[in-house]
Each structure stands twice: as structure tokens, then as C-alpha cells.
Amino acid sequence: MASEADPELLHVETFVVAAGRPERSPGSSANVPVELTSTYAADGDVNYARSGNPTWNAFEEALGGLEGGRALVHASGMGAISAALSLLPPGGTVVAPDTTYNGTGDLLVAHEKAGGTVVRIHATDTARFLAALESADLLWLESPTNPLMDVTELEVVLGRARELGVTSVVDNTLSTPLLCRPLTLGADVVVHSVTKYLSGHSDVVLGATVVADTERGRSIGERLFRHRTLHGAIAGPLEVFLALRGLRTLSVRFERASASAAELARRLADHPGVERVRYPGVGAILSIDVAGDAEAAERVCSATRLWLHSTSLGGVESQVERRRRHPSESEQVPPNLLRLSVGIEHVDDLWADLDQALRAI
Ligand SMILES: *Cc1c(COP(=O)(O)O)cnc(C)c1O
């Protein structure tokens, strides 16, 4: 891979299109191929495909450039999260928000059962984060939180973790590198569910980790690489090809979806079927507390025709879900809360469909 795309010189809209292309020569392909191989002829850089694949390299170059570091693609967001949590010593102390992605929350409970400590703090309580960091081994952050949409003061909390030498991880799935680049704020590791915005079409499950291109970052990156290779949660080359193809349109998709989310947040605030809108002011996800109970909220989901009633987020199609239908969801999430992942359809069609569904309560 010898792409000429330099993330320092190009606008992000250009970089996502240009990054991870094959070197140009007469007759060369515009795209990297899907390299379907399990092994390579001896004495090259990589000898077996559990540790490397050229299609991965292209995607990793593009995502690494976007986040300002070095990326590794994993089999799923949870594969990436498991690799990042392996940085936590057995029995160690992790400081995390009191609502996290529920898969992460379940792994934190498993860490406690194995004798470790988890200190859970409300995402906006900066003072408590700073105090808890004094005795932490690992800091885990997500901002905004999902689905309550609380925003953490990342720069302050990550800065303190850096001063204290506490390893820090940010799940940047919801913000994407278009809104936030945690490595520039002092994070050690960025985690993504590539399944969501980066791929953007609800057709693959993939994850990624990114570390800074510094001595400290590269040494953490070595540990993540070892975890990926030895635990074996590696990505299929076809999925990674699709993710890179999706990444090409990230900025146009995210811009459109974010503009529609802002407009829907404004309109929903005055809707008689809505008790509360939770929207951090940026991004393409918002949550609403329906004026009614859990059953009423479920009826809204069943009544939409355009919005896809489904779990997950970040696709081109708009998605709606009552999060508490999952038993592992935090009890802090109200039973009548619906998470709306806004897609790229016309905002008036999205509004009309939501409006009729909310009137069906
Ligand atoms: C979906 C998601 C994950 C898990 O990713 P998978 O690709 O489903 O394994 C982790 N974090 C966040 C914020 C997510 O939305």
C-alpha cells in the first residue's frame, strides 16, 4: 500500500475517498482487491493470514489516518473491546461510565466476578472521574453515552489519566472521527464498532482499535496486535473491503444524517407524543422518552413503516428501538425511551413516519 493520501494535508472529506488505494501505475486497479488467502509464500512481511492481510492494511491505513494513529481491524466491535480490555491487569481497577455499551458493561461485570474492581461514575461527573483516576489501572470512556446521550469532558478526564499514567480507552463509535479524535485529547486507545457509521450500510460486523503513533502508542499497539492474533477474532477480507467502501462516503452520510437529526430533535421537542428529547447537539443519534409507558413506546416502534425497528445504529436507513427491551440494558435508561439512529433519507419522510407512529400511541 503506497497511497499518497496524507491526512495532515487533505480535508477529511477528501482523505476518506483517497486513503487506502493501491499505488497508481498504468493499468493499476482503483481499489484494493479482496485478498482471499490463508497463507503467503515464505520470507515476506506476513507469513499467515491470522496476522495480516492486504485488504486489512488498506482499511487500517484509512482509519488510522482519520483518527491520527495506527489502526487494527478486528472481527467485531466486541473483538476490539475485548482486545482493549486485555490491557487491564487481572484484579485491576477500571473506571468507567455508569452506562456503557451493554456488551462492554457485561465484560466489566465479568471482570468484577473474576476479582477485579469497577468504579462506575456518571458520565458528566468530571470531579468524581478525576478523583477515581488516582487509584485506577484503566480508564474507559464513551461519549456521548448510548442511549442517554450524556457527554463527558473528555479533554479534562483524559488529560488527567495521561498525567497519572493510567491507560485510557475511548469507544468512539457514536462520535466517529468526524466529531472527535480522542488520541489528540490524550487517549491511548480508540475503539470502534466499525459495524456502525464507518461501514454505514448495516451489512457487516467489524471492529477496530487505534493507537497513537508514538513509542507508548506503538507498545500498546503491539499488545492489541498480539491479542487479535492469538485470540483469533480476525476479520474476513470481504467484510473489510465493504467497510472501506462504506468509509468512502462517511462524511457525506454523517453530514446528512446529523443535519436531519438536529431537525428532528427540534420538531420532536414540540410533539405531544414526546416527553423528553435527548440530543447532545451534534451527531446523528437522539433518544426520546415517549409520553406513555413501555408498551406505548413498543407500539410506536411497530407503527413505523420507514424507520426500521431493529437494534444497531449508524446505517443509511433510519432505525428505532426501545432499548430496555434488552434485559442487559442499564436500569438508568427509562423503559419508555426510544433510540433513534437517523439515516440519510429525506427528513420530511422521516418526520411524517415518526409523527404518524407517535400519534398511534
Ligand atoms: C455496537 C456497538 C459496540 C459493539 O460492536 P459490534 O460490532 O456489534 O461487536 C460497541 N460499542 C458501541 C458504542 C456500539 O454501538
Side-chain angles (χ1 to χ4, degrees), residues 56 59 63 67 71-86 94 96-110 123 140-152 154 169-180 182 187 189-210 224 227-228 231-236 239-240 242-243 246-247 250 254 257 261 278 280 282-287 308 310-315 317-321 323 325-326 328-330 333 337-343:
W56 297 359
F59 176 80
L63 180 60
E67 288 286 6
L72 291 174
V73 66
H74 298 255
S76 62
M78 287 309 299
I81 287 166
S82 300
L85 281 174
S86 76
V94 54
D98 56 10
T99 55
T100 58
Y101 176 70
N102 53 10
T104 306
D106 287 352
L107 287 183
L108 293 177
V109 169
W140 191 276
L141 293 175
E142 295 176 24
S143 185
T145 58
N146 173 8
L148 293 176
M149 300 288 119
D150 288 321
V151 176
T152 299
L154 288 183
V169 183
V170 177
D171 184 333
N172 203 30
T173 302
L174 262 62
S175 291
T176 83
L178 300 182
L179 287 184
C180 178
V189 183
V190 171
V191 159
H192 278 286
S193 171
V194 176
T195 312
K196 314 293 169 52
Y197 289 108
L198 300 182
S199 294
H201 295 75
S202 306
D203 52 7
V204 299
V205 175
L206 280 179
T209 50
V210 195
L224 298 173
H227 190 279
R228 181 182 71 175
H231 290 250
I234 59 155
E239 282 81 351
V240 180
L242 288 170
L247 197 66
L250 173 67
F254 201 70
R278 301 166 190 265
V282 287
I285 303 207
L286 61 153
S287 295
L308 179 65
S310 64
T311 200
S312 198
L313 55 95
E317 69 290 336
S318 294
Q319 290 160 276
V320 58
E321 184 181 38
R323 289 298 301 167
R325 63 172 22 227
H326 301 286
S328 59
E329 186 59 275
S330 163
V333 175
L337 177 146
L338 297 182
R339 183 181 67 199
L340 306 177
S341 168
V342 180

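First listed ligand is number 1; within each ligand, the first listed atom is number 1.
Heavy-atom proximity to Ile81, at under 4.0 Å, picks out these atoms of ligand 1: 10 (C). Of all atoms in ligand 1, numbered sequentially from 1 with element shown, those under 4.0 Å from a heavy atom of Leu206 are 7 (O). Close approach of ligand 1 to Thr195 is summarised as follows: ligand atoms under 4.0 Å from at least one heavy atom of the residue are 6 (P), 7 (O). Close contacts of ligand 1 with Asp171, meaning ligand atoms under 4.0 Å from a residue heavy atom, involve 10 (C), 11 (N), 12 (C), 13 (C).
For the pair Ser76 and Ser193, the minimum side-chain heavy-atom distance is 4.5 Å or more. Residues Ser330 and Arg323 form no side-chain contact, since every pair of their non-hydrogen atoms from C-beta on lies 4.5 Å or further apart. Using a 4.5 Å cut-off on side-chain heavy atoms (C-beta onward), Leu154 and Cys180 make contact. Inter-residue side-chain proximity for Val205 and Glu239 is flagged as unmet; no heavy-atom pair is nearer than 4.5 Å.
Of the N or O atoms in Met78, one or more lie within a sub-3.5 Å distance of an N or O in ligand 1. In terms of polar-atom proximity, defined here as any N/O pair under 3.5 Å, Lys196 does make such a contact with ligand 1. Any N or O atom pair closer than 3.5 Å counts here, and Gly77 shares at least one such pair with ligand 1.
Taking OG of Ser86 as the reference point, atom CZ of Arg228 lies at 13.0 Å (rounded to 0.5 Å).
For atom 5 (O) of ligand 1, the nearest protein heavy atom (residue, atom name, distance) is Ser193 OG, 2.9 Å.
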- Message: I'd like to know whether Leu174 forms a side chain to side chain contact (heavy atoms under 4.5 Å, CB included) with Glu142, so could you lay out the CA-CA distance, the side-chain angles of the two residues, the decisive distance to 0.1 Å, and finally the verdict.
- Response: CA-CA 8 Å; Leu174 262 62; Glu142 295 176 24; over 6 Å; no
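In the model, Ser82 has no side-chain atom that pairs as donor or acceptor with a side-chain atom of His227 under 3.5 Å.
Not close to ligand 1: Val191, with no non-hydrogen atom less than 4.0 angstrom away.
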